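Here's the structure, in structure tokens; my notes come after.
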Amino acid sequence: MCGILGYFGQFDPAALAVGLNRIAHRGPDDSGTLFDNTANVGLGHRRLSILDLSPLGHQPMSSPDGKVSLIFNGEIYNFPELRADLEAKGHHFRGHSDTEVLLHLYLEQGEAMLPMLNGIFAFVIWDQRSQTMFVARDAMGVKPLYYAASSRGFAFASEIKGLLPLIPEARELDAVALHRYLSFLWCPGEGTPLKAVRKVLPGEALILRAGKIGRKWIWYQTPIFRGIQADLDEASAIEGTVSHLRSAVKRQLIADVPVGAFLSGGLDSSAVVAFAREQNPNLRCFTIEAMGGQDVGETDDLPYARRVAKHLGVALDIVQIDSSRMAGDLERMIAQLDEPLADPAPLNVLYISQLARESGMKVLLSGAGGDDLFTGYRRHTAVNYESLWSWIPAPVRRAVERASTGMDMRNASKRRFEKLMRGAGLNADARLANYFVWTRESELFQLYSPEFRAEIGDAKALDPMLEFLRPLPRSVGKLDRMLALEQEFFLGDHNLPYTDKMSMAVGVEVRVPLLDLELIEFAARIPMSMKQRGRVGKWILKKAMEPFLPNDVIYRPKSGFTAPLRRWMRHDLKPLLGDLLSVEAVNRRGMFNARAIHRLIEANDSGRVDASYTLLSLLGIEIWCRNYIDGMPSLAHQ
């Protein structure tokens, strides 16, 4: 697990070292560069040594003849099998890293290698022979990769902060992307806060010639787009879920350094730990205790984590964090995240990863992805029961939606009902995509300055999701469509990026066995009625884990990484709101209406609206701008 950075075109080679320094946290063990000045190519790498800790794992790594060079961030879990096949075809290896296998696989297969890979990765290959650059990101988007394509050429990096020294002129904000951050709390699709910077999408690859994108394609689509049929019976689904998850965990335990695990006490992380414990009885697990309690309506995870640890006989290390420290670290979190994601959950990843690293762990297994593969979120239950009310005429549904906005938002049940009714008047895919919306566009436009509204123009927050779903035939059911959105966007643009950024901030690699490609392909064959059964999400995973975990853990109330944000906005973060969203600060930025923002703060304080996450989004954008726009001149000279 590492950080990569480079360019193909007219860029300042000295800026490569500056960028590498800015992502040094991703690879504290080693660094390397390679320049092909004739072709205007520069490659940089920061290494976190996980496999083959010797110098034979150093990157950039070149072919025996020196004509093909690779920089790679990630892990290829099936590299032992790939290596054996390559050796049978006459390839010789100097070390035992997956990087070397990836390089030789390219020499053997070229871009046709991608479907052979089971892993998490972002890599770039410079091929002197054809004068082409090959860029790819893993199927689910576990590892991030950003790029800027301009008249000067193509520059890329694992993190935006590493990319900026190569493109110090990139100052123009992307109003449409920022509108989507405010709508969802994260931005679906390729957009970032900067117009010049894009994301390589999950499962996307590019071929570059002369510093220009010659071809771009999606090399992996989730099974629903390939027409895979849900054909398993209950017994086969349970047996296969166990065997595939067990195999995925075993594959992802491979490392030349100690491997630990997150253990929240939820089903997903507990399932991963149960199978990891089979391979390593001395497995060490990590969790968090938030002192001071949760917001009303949230569940405390710690008792369940302790219950699972005791049941499985694993060590459980607990990091205790108080509310004031978390609130105080929000600015640091957003600066580290590269994007203004309005969710305090990344702080939990940071604190746990920091404790793990201090305990000698470089790798942690995570339970991320279970809800996105098997269902489990409240919105999945809501979609499952839509048939009870979707027959009601749209005008009546819209009236119910309007009425729900007048309830007291201090009550958790009323908040959830109001959110459930959002978009009730919409039809088909628009209603599905709208479940991900946190703040309505109509409400957001009241917060914008006239100039910012004009920049957004006709673009809609839902556009990337609707475009993504468009190729699916109408015969594909609602929950299947919803899971496709979860996997492409909620994972690829939110959960996975923040997990990567916050763990790598302290030099820890996070692996996600529930998103193993073989398990994903298998899960597509499980009928939806075995995933979401009435109000019970992840039904098949719960049945599969009954022999391994206590029932009170398997069937516990749904929870997730959380923080008392609503309380913070009225207390701990009040000074920060007053500073970053003051009339002077808002007017200076020019994107928002200061008077409207202060009315929103007052309405949130009184409980008339539930705007805590919207306010966190606004805070996040201002913090991001101060770090990445106002501070940009210093980036090129560090």
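The analysis underlying the following values was restricted to heavy atoms, covering all of them including side chains, and did not include hydrogens, waters or symmetry mates. Note that this is a predicted model, so its numbers are computed, not measured.
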* side-chain contact (heavy atoms from CB on, under 4.5 Å) involving Pro464 - partner list, sequence neighbours excluded -> Arg180, Pro188, Phe489

* To do: Return the orientation label for the Tyr628 and Trp624 ring planes: parallel under 30°, perpendicular over 60°, tilted otherwise.
  => parallel

* Classify the ring geometry between Tyr147 and Phe154 as parallel (under 30°), tilted (30 to 60°) or perpendicular (over 60°). => parallel

* Under 4.0 Å between a Lys/Arg side-chain N and an Asp/Glu carboxylate O for Glu518 and Arg251? -> yes

* For residues His58 and Asp30, is any side-chain donor paired with an opposing acceptor at under 3.5 Å? -> yes

* To do: Examine Arg226 relative to Tyr220 and say whether NZ or CZ is less than 6.0 Å from the centre of the six-membered ring and inside a 45° cone about the ring axis.
  => yes

* To do: Indicate yes or no: does Glu111 engage Arg215 in a salt bridge with an N to O separation below 4.0 Å.
  => yes

* Just by distance, with hydrogens left out, do Asp338 and Tyr146 show a side-chain donor and acceptor under 3.5 Å apart? -> no

* To do: Could you tell me whether Lys362 and Asp256 have a side-chain N and a carboxylate O separated by less than 4.0 Å?
  => no

* Asked: What class does the angle between the rings of Phe121 and Trp219 fall in, given that below 30° is parallel, 30 to 60° is tilted and above 60° is perpendicular?
  -> parallel

* **NZ/NE/NH1/NH2 to OD/OE distance under 4.0 Å, Glu622 and Arg589** => yes

* Please lay out, stage by stage, how Val349 and Phe262 fare under the test side-chain contact (heavy atoms from CB on, under 4.5 Å). => CA-CA 9 Å; Val349 177; Phe262 288 86; 4.2 Å; yes

* Using the side-chain contact (heavy atoms from CB on, under 4.5 Å) rule, pick out the option among Leu82, Asn78, Leu51 that qualifies with Val101. => Leu82

* **Close side-chain approach of Val272 to Gln252, heavy-atom, < 4.5 Å** => no

* Asked: Salt-bridged, Glu169 to Arg152, with N to O below 4.0 Å?
  -> yes

* So, Gln59 versus Thr99: side-chain donor-acceptor pair below 3.5 Å or not? -> yes

* Between Phe72 and Phe123, how do the two ring planes meet: parallel, tilted or perpendicular, split at 30° and 60°? -> perpendicular

* Under 4.0 Å between a Lys/Arg side-chain N and an Asp/Glu carboxylate O for Lys250 and Asp516? -> no

* Asked: Does Asp500 come within less than 4.0 Å of Arg26, counting only side-chain N to carboxylate O?
  -> yes

